[in-house]
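One structure below.
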Amino acid sequence: MKSTANGSPSSWRVCDDSRLQIELSASGTSYRVLSAAAPCKAHDQWAILYSTSDEDSHTEVKGLRIRPTDSVLSVTGSGCRSLALLESGPRRLVSVDANPVQNYVLELKAAAMRQLSLSEYLCFIGFEPGQRRDRLLVFEELREHLSPPALEFWHESLMAVRRGLLYSGAHEKFYAAWIAPLIVASRRRQLRDLHNFTQVEAQSLYFESEWLTPAWERAVRMLARPRLIRILLDDPSYFERVDKGSELADYINNGLRRTFRRHLASDVDLFGLLCTGRYWDPKNVPFYMRPANYERIKSHLDALEIVTAPLGTYLAQQEEATFGAYSLSDVTGWMPHEDLVAILREVGRTAVPGARIVYRDLFAESNIVAIERETGLFHECGLSEELTEKDRALVFTIQAFQAVAQ
């Protein structure tokens, strides 16, 4: 960090790791790349992209209204949402991802859940720091419960197991190396205050006056520039339909406003992860890791099937009237409209009448009128608005659809 003559910081070195060094000015209006090696390729063959959830699975559980007779299709991602949906006790849950590594993440989580109590699981996955040697001993006990490809991958990735899988993904490392230091450097007092609120109304007023200052909004606009995000994550899918950092910054700040009008910051697990690089406490973790849900999900793990394939390819191979619920995560963020329509047409073909579909718009809302016209799915506007308003994942717009009889 540089200092002016009076000792106050003139710039913050937000990130200082082996890949990239960047300084952010104290005003939050500019940045300077000090050095840059080849960025971590989020889409490399053997890279873990997501290791924990940046979504609020309460939303999908409520929106999909899964029944015991349902077959459910879920996009894997970090695996957290697929595991969460097992809480509803479906007959079958197929978790699909084109990236085999993300399926290996889910496979290891499921294998650990089968063998471990919640407290043991939290230690193994890395919620509790330390105990690195013990994690490798637990992993040895899980070997026989992993498929050969997954076992091969995790043997090559033992460092992630030793450190704890929970924070090993490219996105989680990005939060810890970039977002958390920025927030702690510029909002340490406000972060502590927000965590201590017990009344949502008072918290919302405080957030507007003390957090969303002009300096904060300038910093978000700077960090939301697509060019900088591409340097950090090398993941162009974020900007399939967003090109301007100013639009993205407004979207982020509006999402924060909405969230803190409804929820205490201490109850928003993603906010803790973003601000500190770790979850705050065992009560505010992803849905499947919570004490109220863990054992029930564990009892339904036999319903889980893991498939490595592009989503569209897998759907095209399925018979009509196969699935009663679809959890498609943020598919709209990484594909153009015509590809989304093609996916949703296959959803309509493979859905039983009345099947529920939930997906998340990230940074830009999908064209609902065109989707209804081109797919025949019915958009549940009221439910979508309710789910969006109550969602605790900060920046998503929830879209809920229903399949109608052809």
Side-chain angles (χ1 to χ4, degrees), residues 50 53-66 72-75 77-78 80-82 84-85 87-88 171 194 200-201 203-204 207-208 211-212 220 224 237-242 247-274 284 286-287 325-335 337 340-341 343-344 347 355-372 375 377-403:
Y50 308 101
S53 178
D54 59 1
E55 301 172 349
D56 176 13
S57 295
H58 294 84
T59 297
E60 278 78 6
V61 169
K62 180 175 181 178
L64 291 174
R65 308 185 294 278
I66 294 170
V72 179
L73 179 68
S74 175
V75 173
S78 68
C80 296
R81 183 171 22 78
S82 294
L85 296 176
E87 192 271 344
S88 300
H171 285 245
L194 277 178
V200 172
E201 295 81 2
Q203 172 192 264
S204 180
F207 186 76
E208 287 283 348
W211 190 288
L212 292 180
V220 172
S237 65
Y238 273 98
F239 301 100
E240 178 60 46
R241 296 182 306 170
V242 177
E247 295 178 4
L248 179 54
D250 290 341
Y251 188 94
I252 291 171
N253 284 324
N254 288 335
L256 291 171
R257 286 188 178 94
R258 181 184 68 227
T259 301
F260 295 125
R261 283 199 309 264
R262 298 271 327 196
H263 305 287
L264 291 173
S266 58
D267 292 336
V268 180
D269 52 270
L270 179 59
F271 188 63
L273 180 63
L274 290 174
N284 295 308
F287 183 95
Y326 299 77
S327 177
L328 303 182
S329 187
D330 58 340
V331 294
T332 63
W334 44 267
M335 63 175 61
H337 174 78
L340 174 62
V341 166
I343 291 287
L344 293 179
V347 166
R356 286 81 58 202
I357 304 100
V358 171
Y359 67 76
R360 292 171 174 268
D361 278 333
L362 179 62
F363 300 153
E365 294 189 22
S366 46
N367 188 333
I368 300 301
V369 173
I371 288 173
E372 283 191 307
T375 67
L377 299 176
F378 172 71
H379 184 243
E380 297 189 83
C381 181
L383 178 60
S384 298
E385 292 177 355
E386 178 187 354
L387 295 175
T388 298
E389 187 68 20
K390 294 181 179 179
D391 189 65
R392 288 180 284 191
L394 304 176
V395 295
F396 292 100
T397 302
I398 313 301
Q399 306 295 356
F401 288 83
Q402 189 171 95

Output all residues satisfying salt bridge (Lys or Arg N to Asp or Glu O under 4.0 Å) with [X], sequence neighbours left out; order by chain, then residue number.
X      : value
Glu372 : none
Arg392 : Asp56
Arg261 : Glu389

As an exercise, state the distance from [atom1] of [X] to [atom2] of [Y], rounded to the nearest 0.5 Å.
X      : Y      : atom1 : atom2 : value
His337 : Ile371 : NE2   : CD1   : 6.0 Å
Asn254 : Thr259 : CG    : OG1   : 10.5 Å
Leu64  : Thr59  : CG    : OG1   : 10.0 Å
Tyr50  : His171 : OH    : NE2   : 4.0 Å
Ser204 : Arg257 : OG    : CZ    : 9.5 Å

Are the side chains of [X] and [Y] in touch, meaning some heavy atoms are under 4.5 Å apart?
X      : Y      : result
Leu328 : Leu344 : yes
Trp211 : Phe260 : no
Leu340 : Tyr359 : yes
Leu273 : Leu270 : yes
Val268 : Asn284 : no
Leu85  : Val61  : yes
Phe271 : Leu194 : yes

Q: Classify the angle between the aromatic ring planes of Phe287 and His58 as parallel (below 30°), tilted (30 to 60°) or perpendicular (above 60°).
A: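 Plane angle over 60°, so perpendicular.
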Q) Is a side-chain N or O of Tyr251 found less than 3.5 angstrom from the main chain of Val395, in a donor-acceptor match? A) yes
Q | Under 3.5 Å: donor-acceptor pair, side chain of Glu60, backbone of Val358 | A | no
Q. Residues in ring-ring contact (aromatic ring centres under 6.0 Å, His included) with Phe396, at least two apart?
A. none
Q.
Using the ring-ring contact (aromatic ring centres under 6.0 Å, His included) criterion, which residues pair with His263? Sequence neighbours excluded.
A.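 ring-ring contact (aromatic ring centres under 6.0 Å, His included) list for His263, sorted by chain: empty.
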Can you sort out the partners of [X] under side chain to side chain donor-acceptor pair (under 3.5 Å), two or more places apart, ordered by chain and number?
X      : value
Ser74  : Arg81, Ser82
Ser88  : none
Ser384 : His379
Asp330 : none

Search all heavy atoms of [X] against all heavy atoms of [Y] and return the closest pair with its distance.
X      : Y      : value
Leu383 : Ala400 : CD2-CB, 3.9 Å
Ser57  : Ala84  : CB-CB, 3.5 Å
Ile357 : Leu377 : CD1-CD2, 4.2 Å
Thr388 : Arg258 : O-NE, 3.4 Å

Q: List in chain and number order the residues that pass side chain to side chain contact (heavy atoms under 4.5 Å, CB included) with Ala355, two or more places apart in sequence or in another chain; answer none if no residue qualifies.
A: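 Result, side chain to side chain contact (heavy atoms under 4.5 Å, CB included) vs Ala355: Tyr326, Ala351, Val352, Ala403.
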**Q.** For Glu385, all residues meeting side chain to side chain contact (heavy atoms under 4.5 Å, CB included), sequence neighbours excluded
**A.** Cys381
Q: Give the C-alpha distance, both sets of side-chain angles, the deciding distance and a yes or no for side-chain contact (heavy atoms from CB on, under 4.5 Å) between Cys80 and Glu55.
A: CA-CA 9 Å; Cys80 296; Glu55 301 172 349; over 6 Å; no
Q | Carboxylate-amine/guanidinium proximity below 4.0 Å for Arg356 and Glu380 | A | no
**Q.** Full working for side-chain contact (heavy atoms from CB on, under 4.5 Å) between Asp391 and Arg360
**A.** CA-CA 11 Å; Asp391 189 65; Arg360 292 171 174 268; 2.9 Å; yes
